[in-house]
Structure formats: structure tokens, C-alpha cells
Amino acid sequence: METLNYKLIRSRRRTIGLEVRSEGVIVRAPLRTTKQVIDSFLQENLEWIEKHKKKMDALKRKTDAIPKLTMEELRVLAERAATLIPERVRHYASLLGVTYGRITIRNQRSKWGSCTAKGNLNFNCLLLLAPSEVLDGVVVHELCHRKHMNHSKEFYAEIERVYPEYKRWDRWLKENGTLLMSRIR
């Protein structure tokens, strides 16, 4: 077997899992899994690993080529977001019949939004670089956590009730979100 460098994370999980990231391959394995079993699993999935490594390399080249936002551009974006996002939150909160706490605008590399148990909402200012339908999808997603603090069938049913186009715009964000996030230095 060709030598493959990977990071091993053992836990109480029942199966072996693989993840290919820009920083390398991560193997997640049950606590008592032998090195031989892990090596065999890696050998069986070598083609999949190589395919995803190539995808990650191509994505890195693409993201490296995208111009980064200046601090001034980020500030302006955050100011615009601080005006626009609360308007969208108010609109959809009334449709959902939910309340919420504080709204915070951030510029993050990994999250588009979040909702705390206390009902405080956080949104990424980079959402303003996406189509407005994407922003609405993230707002509805976070507000639906005010009814369901999970990602159950009921949670997604509530999203679709209020925002029937959710899946389409969520897919857009999954396909293009990394490129938007790469605009932050």
C-alpha cells in the first residue's frame, strides 16, 4: 500500500469514517480498531480519497485566486448587514410566530448563522455577497431553531412551510459558500 499520511481520531463511534480536508486526511475510528483494519479501510477507499484530494486542490487554487475583501470593505458590508438582516429577521419571525433576542453580525470563515438557546441570533456579513434568497434561507433556518433546537424532520418541515424554496438556495450556499468565505483574509 502506498503510504498515506492521515490524522487518526478514536472515539466511541461504531464505524470508520473518512474526511478529506485541505490540511489532510482524517480517519475517525472506533476505540479498539486495529491499525491493520484502518490500513485495509484506507486501501479500499484510496480511489475516493484521491478524487477528493484533487477536488480540494482545485478548490484551493480557485479560492486563492479570489480577491480578498479589505478591512474597509468588510466594515461597509457589516454595516449594511446590520441594517438589512434585522429587517429580514423581523419579517420572518412574524411569519413563524417566534421571538428572538439579540442579533449580532460577524465576519466568520465557517458559519453563516447560529441561534443560541436564549434566542440570540448570529449572522455572517458575507451573506450580503450571496443572492438575497440565500440570506432569507439562512434567516429562516436560524429562526426555526426557536421552535426546534435540532435538525429534525419537523425542523425542516417548518422551514419549507415558511420558505418553500429553501432547498434550492441552501444548495446554492453549499456549492458557492466556500468561495464567499475565501473573501476574508
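Worth saying up front: this structure is predicted, and the values here are computed from it rather than measured.
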| request: List the atom of T63, the atom of K68, and the distance in Å for their closest heavy-atom pair. | output: O-NZ, 3.1 Å
| request: State whether the side chain of N124 and the backbone N or O of K111 hold a donor-acceptor pair below 3.5 Å, judged by distance alone. | output: yes
| task | Quick one: closest heavy-atom pair of R88 and L135, and the distance? | result | CG-CD2, 4.1 Å
| task | Quick one: pull up CG in L4 and NZ in K53 and give me the separation to the nearest 0.5 Å. | result | 5.0 Å
| Quick one: CD1 on I103 to CZ on R90, what's the gap to the nearest 0.5 Å? | 7.0 Å
| field | Pair T34, Q36: side-chain N/O donor-acceptor within cut-off below 3.5 Å | value | no
| request: Please report the C-alpha distance between N5 and V25 in whole Å, then the side-chain angles of each, then the deciding distance to 0.1 Å, and finally whether the side chain to side chain contact (heavy atoms under 4.5 Å, CB included) criterion is met. | output: CA-CA 7 Å; N5 291 325; V25 176; over 6 Å; no
| Euclidean distance, R75 CZ relative to N107 CG, rounded to 0.5 Å | 12.5 Å
| message | Tell me whether N45 contacts the main-chain N or O of F41 through its side chain, where contact means a donor paired with an acceptor under 3.5 Å. | response | yes
| request: Could you grab the distance from atom CG of L95 to atom CZ of R161, nearest 0.5 Å is fine? | output: 8.0 Å
| query | NZ of K147: more than 12 outside heavy atoms within 6.0 angstrom? | reply | yes
| task | Look at the aromatic rings of H141 and F155 and report parallel, tilted or perpendicular, splitting at 30° and 60°. | result | perpendicular
| said: Just so I know, are the side chains of Y92 and V162 near enough to count as touching, which here means a heavy-atom distance under 4.5 Å? | reply: yes
| Test salt bridge (Lys or Arg N to Asp or Glu O under 4.0 Å) applied to D57 and R61, step by step | CA-CA 6 Å; D57 291 344; R61 284 191 300 278; 5.2 Å; no
| message | So, taking the atom named CD in E79 and the one named CG in L128, what distance separates them when rounded to the nearest 0.5 Å? | response | 12.0 Å
| task | State plainly whether one hydrophobic cluster holds both V134 and I184, where clusters connect Ile, Leu, Val, Met, Phe, Trp and Tyr through side-chain heavy atoms under 4.5 angstrom apart. | result | yes
| From R168, K174, K167, residue fulfilling side chain to side chain donor-acceptor pair (under 3.5 Å) relative to D170 | K174
| query | Any donor-acceptor pair under 3.5 Å linking the side chain of H52 with the backbone of W48? | reply | yes
| said: Salt bridge or not between E50 and K54? Use side-chain N to carboxylate O under 4.0 Å. | reply: no
| task | Walk me through it: do N122 and R106 pass the test side-chain hydrogen bond (donor to acceptor under 3.5 Å, both in side chains)? | result | CA-CA 7 Å; N122 301 299; R106 304 176 189 277; 3.2 Å; yes
| query | How far apart are the closest heavy atoms of I16 and P30, and which atoms are they? | reply | CG1-CD, 4.0 Å
| field | Whether over 12 other heavy atoms sit under 6.0 Å from K60 NZ | value | no
| Looking only at atom types and distance, does a side-chain atom of S182 sit under 3.5 Å from a main-chain N or O of L179, one as donor and one as acceptor? | yes
| query | With a 4.5 Å limit on heavy-atom distance, are the side chains of R10 and I38 in contact? | reply | yes
| Can you check side chain to side chain contact (heavy atoms under 4.5 Å, CB included) on L126 and L129, steps first, answer last? | CA-CA 5 Å; L126 296 176; L129 300 176; 3.8 Å; yes
| query | How far apart are the C-alpha atoms of S110 and Q108, what are their side-chain angles, what is the distance that settles it, and do they pass the side-chain hydrogen bond (donor to acceptor under 3.5 Å, both in side chains) test? | reply | CA-CA 6 Å; S110 63; Q108 299 170 234; 5.0 Å; no
| field | Cluster overlap L173 with I66, hydrophobic side-chain contacts below 4.5 Å | value | no
| query | Going by atom types only, do Y163 and D136 share a side-chain donor-acceptor pair under 3.5 Å? | reply | no
| query | Of the non-hydrogen atoms in C125 and I105, which two are nearest, and what is the gap between them? | reply | CB-CG2, 3.7 Å
| task | Start with the C-alpha gap between L59 and T178, add the side-chain angles, then the distance that decides, and say whether side chain to side chain contact (heavy atoms under 4.5 Å, CB included) holds. | result | CA-CA 9 Å; L59 182 61; T178 302; 3.6 Å; yes
| message | Does E23 have more than 12 heavy atoms from other residues, nucleotides or ligands lying within 6.0 Å of its CD? | response | yes
| request: Could you tell me the separation between the CG atom of N176 and the CZ atom of R171, rounded to the nearest 0.5 Å? | output: 11.5 Å
| query | Can you name the closest pair of heavy atoms from A81 and P86 and give their distance? | reply | O-CD, 3.5 Å
| field | Nearest non-hydrogen partners of G137 and Y166, listed with the distance | value | O-CE1, 3.5 Å
| field | Chi angles and distances behind the side chain to side chain contact (heavy atoms under 4.5 Å, CB included) call for L121, S114 | value | CA-CA 6 Å; L121 304 172; S114 61; over 6 Å; no
